[in-house]
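First up is the structure itself, then whatever we jot down about it.
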Amino acid sequence: MHSDQALTERRIRKALERRIRPEIYGPAVPLTVSAWEAPGAVGFATAKAAGYHPFAVGERWGAPWSTTWFALEGEVPPEWREETVEAVVDLGWPAGSPGFSCEGLVYDAEGGELKGLAARSPWVPIAPGATAVELWLEAAANPRIDEAFPLLGDPATAGREPQYRLRRAELAVRRAAVAALVCDVEVLLGLAVELAGDDPRRATILRALERMLDRLGPGEVAAGAAWASGELAEVLAQPAAASAHRISAIGNAHIDTAWLWPLAETRRKVARTLASALQLAETEPDQVFAFSQAQQLDWLRADRPALYERVRAAIISGRIVLVGGMWVEPDGNLPGGEAMVRQMVYGKRFFLDEFGIETEEVWMPDSFGYSAALPQLAALAGNRFMLTQKLSWNQTNRFPHHTFWWEGIDGTRVFTHFPPVDSYNAEMTPAELLHAARGFAEAGRASRSLVPFGYGDGGGGPTREMVAAIHREADLEGLPRVAIEPPARFFAGALEEYPDAPVWSGELYLELHRGTFTSQARVKAANRRCEHLLREAELWTATAAVLHGTAYPAAALERLWKQVCLLQFHDILPGSSIAWVYDDAAAMYAAVIEEVEAIIAEALRTLVGEGGETIRFNAAPHRWRGVPALGAAAAAQAPVEPTARVEGPDAEGAFVLDNGLVRATIDRAGLVTSLEDLAHGRQALAPDAVGNLLMLHHDTPNDWEAWDVDGFYRNSHVDLTDAETVTVDDAGPAAVRVRRRFGASSIDQVLSVDPGEPCLRIDTEVDWHEHERFLKVAWPFDVLAGVATSEIQFGHVQRPTHANTSWDAARFEVWAHRFVHVGEAGWGVALTTTANYGHDVSRFTRPGGGTTTTVRLSLLRGPRHPDPEADQGQHRFTWRIHPGAGIADAVREGYRTNLPIRSVTGATAPAPLVRVDGGEAVIEAVKLADDGSGDVVVRLYEPLGGQTTGVLVPGFPAGELLEVDLLERPVDTPTGALSPDRDGSAQLRLRPFQVLTARIRRAG
Ligand SMILES: [Zn+2]
């Protein structure tokens, strides 16, 4: 038999697109359109009362970011009474893209949200029997922000040019039989072309489609569609193979909380998407929609109470399932330990308070890597499962598992799934399902995977076409079996069949998007600052509440934490959003800082009372020179410090800073040529190397400018070794100021040593006006460090400093929180930072032996997309170099660098509200319980990776002392880490990196 497969496939495709699909809609009548350009986002009542002007199909509308309301009116012809009628509107969507352009939300005459409009879902149902139609369409002219048009991402530069053209607005009869036939043909053809050329199933499907087309003549589609589907019933009835892979499909819409649009627009995207999801649930009894971000529901609650109540009903009835239990889907790397806790606590509590539902899985499909602290935090928040997806974007290595136990730094394991469909916006095509089944790494041991389907962002979520495809694909020869079901059911089934899944230990590093540790540096700095200010605010207000009976500002603190959590969203904190988002973020951070500082100041005033003494407050978890951890001391009682001094310049123009603990030499170029650790009698810097060397690289990644740093950036750089001036500075007793200019930018640094502090401190101000450049500062140390230790949430990770394997080589740019440490047996050095996360560590062997390990902090970039002015302007960084530091020192100094001592004038220095005597345990948070009971909650952890003991001592009359979870609920099975004593204190026994939350009731 001669093969005609290619010819037949082309014939079917052409018939589908030219003859069958165009017949889905039958007779049509135009809607009468009038329009009103709104001044912004307005409520329905305002819009309905506005003055409209006639508007014709074909006219242009929509300056960037503007909103146009369209009033749509029409009469349903009497002869359509028995038909399915829909309003079909084409706002002018660009071909090919399901989202990322204009979007609409359609209301009925009373302002009820009917359905979102998007490129792949441009219709609204008309109630059966309706005669007159009155619809109101709120259309948002969100511009497409691609590489060519980044200026559209800032309203100041976006212009007023209309972006879209109204192409269609009519009432039309929808022929369900034709739509069904389209789906039949799409599924069967999509399946056939995925099968091998010699697969009999492929031939059988093609012959069936051919027979159907042979008999369905031109012009016969509308009348013959049902009959034609009947011709295909047999091939659609062939069941899947007994060993077929099983797919749990779940509708979803990945709505980025801000990205190529501002936060305000996300509020409307959420409303459109949920209105569409509710509409779909009405017509598709088996459809289930997953929703993950509590913040987005909180917005809906505030903006649209009626729609929110409908969503609530759907959540209660199970048609919308909550997943994730985090406030937003945050960045997976950079949020601090307590912030990551709050993401989970506020997310879960919102779901519990609003709906009585506790989610059991972490849902982070799109974050740019996942911290090895997450398994423990997930478990402590009551989660059993985790979903990620992003590692399918790895540039170098293929992640070996799709279902696995993910083990964190403390040994906690969480059952994790990584959908092999490699998408969280699936359309449920046979190609996608087979990609999932064929790529499933656990085949033979497990049989299940999850497919999140639905258009994300502006696309509107799952469609009726996707659900129709699933109905055909449910049990179909050649495909995996497919069922729509909640993720919880998937996870339960996956765990049951695969309890001994393989283990992946440590971080899930994304081998891409490494620039996100550095881009939009001001956001990183503000995030770090806010995290520490909130720690201080909770500590001092809790202390004041317990010691003085003042009111604890619980509501304000929660609101402020939620702002910080919101800005940790996985396109805001990483630096990958448009300019508008960063303008908003800057204003929000400034407001948070102002309010938190005021809260702190008031609490401290209460604590010191009226008086004339200088009282020093130490919010860090370690004692500092006479000031207890989490407590205060009068400055007069401080021990006498050795002095620090500056010498020079000498004949070479060099200066020496010396405080008896470290001695640093700064040459006439502002470079550190010597850094001596006087306590250990050791030179920290490598021979013939200089520290504080600023290095400027070309930074032109192939794709995703704000996101990526490609490895070739290392091939070219200039060292900034010209100093304009190097002078003694009066910033402290021993300080040198270095000024440099380069390109259009300048850098002003103060290098100093403080009395009693065994470190060199560097305060850096950069006025940055470079684009496509990557600025680093290098510190080459004379130390053979096999690994670098980087702080993460509640602990640290160690990463090799070599590039033996492709996995090591791919980690050429990594992140840390407050410290990076490199060391060898007996000696090491730490860098602590206030604002930097990205860094790289490398080493080389010098001629004649000896090893240089170089730590380079990543300071600034200047990507052009999506914000063409990213990083431009003023920046301020502080870092401290601690020669001789071990990891315990690095932990302590990391807190110290970020929590400077506060001095207040008053009468008394309050004792700490709690303290830990002995051992290594570190207190991360002190607060009053979220339930308003007045209980004191203390979160602490073991930071070094070893067992530790100690005693937790409340500084107030304490009652019962309980181990609780992150939501401050007693744990079912205490770990034994907390053993209360009779005197109100408790013995601590923590395993390596264990996080422990203790709840202390107040006696009396
Ligand atoms: Zn995303």
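Numbering of ligands and ligand atoms starts at 1, following listing order.
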Considering only N, O or S atoms of D256, the one closest to the Zn ion (ligand 1)
OD1
Among R514, H839, E813, find the residue that satisfies the side chain to side chain donor-acceptor pair (under 3.5 Å) test when tested with S858.
E813
Exercise: do D366 and Q389 side chains pair donor with acceptor under 3.5 Å:
no
If I consider every N, O or S atom in D366, which one ends up closest to the Zn ion (ligand 1)? I only need its name.
OD2
Using a strict 4.0 Å threshold on nitrogen-to-oxygen distance, state whether R342 and E338 make a salt bridge.
yes
If we count only N and O atoms by modelled type, under 3.5 Å, do the side chains of E407 and S505 hold a donor and an acceptor together?
yes
Mind reading off the angle at the Zn ion (ligand 1) between the NE2 atom of H570 and the NE2 atom of H254, rounded to 10°?
100°
